[in-house]
K.L.:
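Supplied in structure tokens, the structure appears directly below.
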Amino acid sequence: KVFRKDMQVVCDSLAYTDLDSLVRLYRNPIVWNEISRQYSSDSLFVVIKDGALDKASLMSNAFIIIQEDSLCYDQIRSTEMLAYFDGQGGLRRFDALGEAHAIFYMKEDSTFATVNFSKSKILSALFKEGGIDQVYYFDEAKSDAYPVAQIRQEQRALKGFNWSPQLRPKSRDDITSKVPRKTERKAYAGRPRASFAETEKYFPGYMTEVYKG
């Protein structure tokens, strides 16, 4: 489990390396951000840049869910997906690659009145001020719109829909109840240091530079 104010994560296994700032999540990984957005896939790679989400690669059975209200969820499902974030961790664009299916709810006079069902080989969407601004469909695109009132409950979700707020860490206490102990740096720094007389004899100044570092 991972908890940050701008991102929360659950998965079976995680690997991170400083060399490429890449976080690799394995076995049923789920990532949440911006309160209402959930990302899931069989495995998921996240690039961290300047301490914030920069890009995510959802590998196999990729699914993005955006909660609009208690009944309406925007959904995108595809074989693979790339998600791009702004400097604050907000979603700015995603590309759904391979058998992309989507459900989008559209407002009229502040009420969700229309739902759009779409399917294409590739789907790309741009976000603005937290909401979907433009959607592009590529190759064999099909799109149908219906009044929300005519849609049955079982039609509101794509196959594989897995909205799971109960799994989401809500605070650091969901990770661990342990509290970091107080630092003892000053106590250790006050202890006399070894002189390394022989090292100083053959390599004058070497240990001084080591301690300085």
Side-chain angles (χ1 to χ4, degrees), residues 1-96 101-105 112 125 127-132 153 156-185:
K1 294 181 180 180
V2 175
F3 175 81
R4 287 174 35 145
K5 289 183 178 180
D6 61 342
M7 178 180 70
Q8 299 82 45
V9 176
V10 295
C11 62
D12 174 82
S13 307
L14 179 152
Y16 173 74
T17 172
D18 282 334
L19 295 177
D20 53 12
S21 297
L22 188 64
V23 183
R24 297 168 174 85
L25 314 175
Y26 301 104
R27 290 189 62 185
N28 304 318
I30 306 178
V31 176
W32 296 268
N33 84 320
E34 294 191 72
I35 302 176
S36 62
R37 291 177 179 163
Q38 175 183 295
Y39 312 83
S40 62
S41 61
D42 289 345
S43 61
L44 198 155
F45 295 178
V46 177
V47 177
I48 304 295
K49 184 177 181 181
D50 297 327
L53 276 174
D54 181 60
K55 183 171 67 174
S57 178
L58 288 71
M59 310 294 289
S60 185
N61 294 321
F63 213 123
I64 293 181
I65 302 173
I66 303 172
Q67 185 182 35
E68 298 290 0
D69 63 21
S70 60
L71 295 176
C72 300
Y73 297 84
D74 291 337
Q75 303 158 54
I76 307 95
R77 188 193 76 209
S78 68
T79 304
E80 184 180 350
M81 209 174 296
L82 295 174
Y84 303 87
F85 302 86
D86 57 28
Q88 287 71 48
L91 184 64
R92 63 179 179 84
R93 169 189 163 189
F94 73 80
D95 299 329
H101 293 72
I103 296 177
F104 296 121
Y105 287 85
F112 289 105
F127 286 73
K128 186 177 181 180
E129 297 178 356
I132 294 176
Q153 183 62 37
R156 288 175 172 262
L158 293 173
K159 183 179 179 180
F161 180 83
N162 65 338
W163 180 249
S164 307
Q166 74 280 3
L167 300 178
R168 183 177 190 168
K170 297 177 176 60
S171 69
R172 67 174 300 278
D173 293 326
D174 286 343
I175 308 300
T176 177
S177 59
K178 293 182 179 180
V179 178
R181 67 181 184 182
K182 293 182 180 179
T183 178
E184 298 181 42
R185 182 181 295 274

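The structure presented is a predicted model; accordingly, all values stated were derived computationally and were not measured. We use all heavy atoms of the structure for the numbers below, so side chains are in, but hydrogens, waters and symmetry mates are not.
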K.L.:
Would you check, one step at a time, whether the test side-chain contact (heavy atoms from CB on, under 4.5 Å) holds for Val10 with Trp32?
P.N.:
CA-CA 9 Å; Val10 295; Trp32 296 268; 3.6 Å; yes
K.L.:
Using 30° and 60° as the class limits, which term best fits the ring planes of Phe85 and Tyr39: parallel, tilted or perpendicular?
P.N.:
perpendicular
K.L.:
Among all residues two or more places apart in sequence or in another chain, which pass the side-chain contact (heavy atoms from CB on, under 4.5 Å) test with Arg93?
P.N.:
Tyr84, Asp95, Ser124, Leu126
K.L.:
Please name the residue in the list Val2, Val46, Val23 that meets the side-chain contact (heavy atoms from CB on, under 4.5 Å) test with Tyr16.
P.N.:
Val23
K.L.:
Assess the residue pair Ile64 and Arg37 against the criterion (side-chain contact (heavy atoms from CB on, under 4.5 Å)); give the C-alpha distance rounded to whole Å, side-chain angles, the decisive distance to 0.1 Å, and a yes or no.
P.N.:
CA-CA 7 Å; Ile64 293 181; Arg37 291 177 179 163; 5.7 Å; no
K.L.:
For atom CG of Asp69, decide whether the heavy atoms of other residues, nucleotides or ligands shown that lie under 6.0 angstrom number more than 12.
P.N.:
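Check passes, neighbour count above 12.
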K.L.:
How about CG on Asp6, more than 12 heavy atoms from neighbouring residues, nucleotides or ligands closer than 6.0 Å, or not?
P.N.:
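Count over threshold, so yes.
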K.L.:
So does Arg156 get a backbone contact from the side chain of Gln75, meaning a donor-acceptor N/O pair under 3.5 Å?
P.N.:
yes
K.L.:
Can you tell me how the ring of Tyr73 sits relative to the ring of Trp163, calling it parallel under 30°, perpendicular over 60° and tilted otherwise?
P.N.:
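Tilted, since the angle between the ring planes falls between 30° and 60°.
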K.L.:
Could you tell me whether the side chain of Ser164 and the main chain of Gln166 form a donor-acceptor pair under 3.5 Å?
P.N.:
no
K.L.:
Would Arg24 and Thr17 count as a side-chain contact (heavy atoms from CB on, under 4.5 Å) here? Give the steps.
P.N.:
CA-CA 9 Å; Arg24 297 168 174 85; Thr17 172; 3.6 Å; yes
K.L.:
Got a second to check how far Arg92's CZ is from Lys55's NZ, nearest 0.5 Å?
P.N.:
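It comes to 10.0 Å.
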K.L.:
Sort out for me which residue in Asp42, Thr79, Asn162 forms a side chain to side chain donor-acceptor pair (under 3.5 Å) with Asn61.
P.N.:
Asp42
K.L.:
Nearest heavy-atom pair of Ser41 and Met59: which atoms, and what distance?
P.N.:
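In this case the closest contact between Ser41 and Met59 is OG-N, 3.6 Å.
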K.L.:
Can you see which heavy atom on Lys178 is nearest to which on Arg172, and at what distance?
P.N.:
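Closest heavy-atom pair between Lys178 and Arg172: O-NH2, 3.1 Å.
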K.L.:
What closest approach, in Å, do Leu91 and Asn33 show between heavy atoms, and which atom pair accounts for it?
P.N.:
N-ND2, 4.5 Å
K.L.:
Taking the side chain as every heavy atom from C-beta outward, state whether Asp54 and Ile48 have any pair of such atoms under 4.5 Å apart.
P.N.:
no
K.L.:
Is it the case that over 12 heavy atoms from other parts of the model lie below 6.0 angstrom from the NZ atom of Lys159?
P.N.:
no
K.L.:
With a 4.5 Å cut-off on side-chain heavy atoms, are Phe94 and Ile76 touching?
P.N.:
yes
K.L.:
Passes side-chain contact (heavy atoms from CB on, under 4.5 Å), Ser57 versus Glu80? Steps please.
P.N.:
CA-CA 8 Å; Ser57 178; Glu80 184 180 350; 4.2 Å; yes
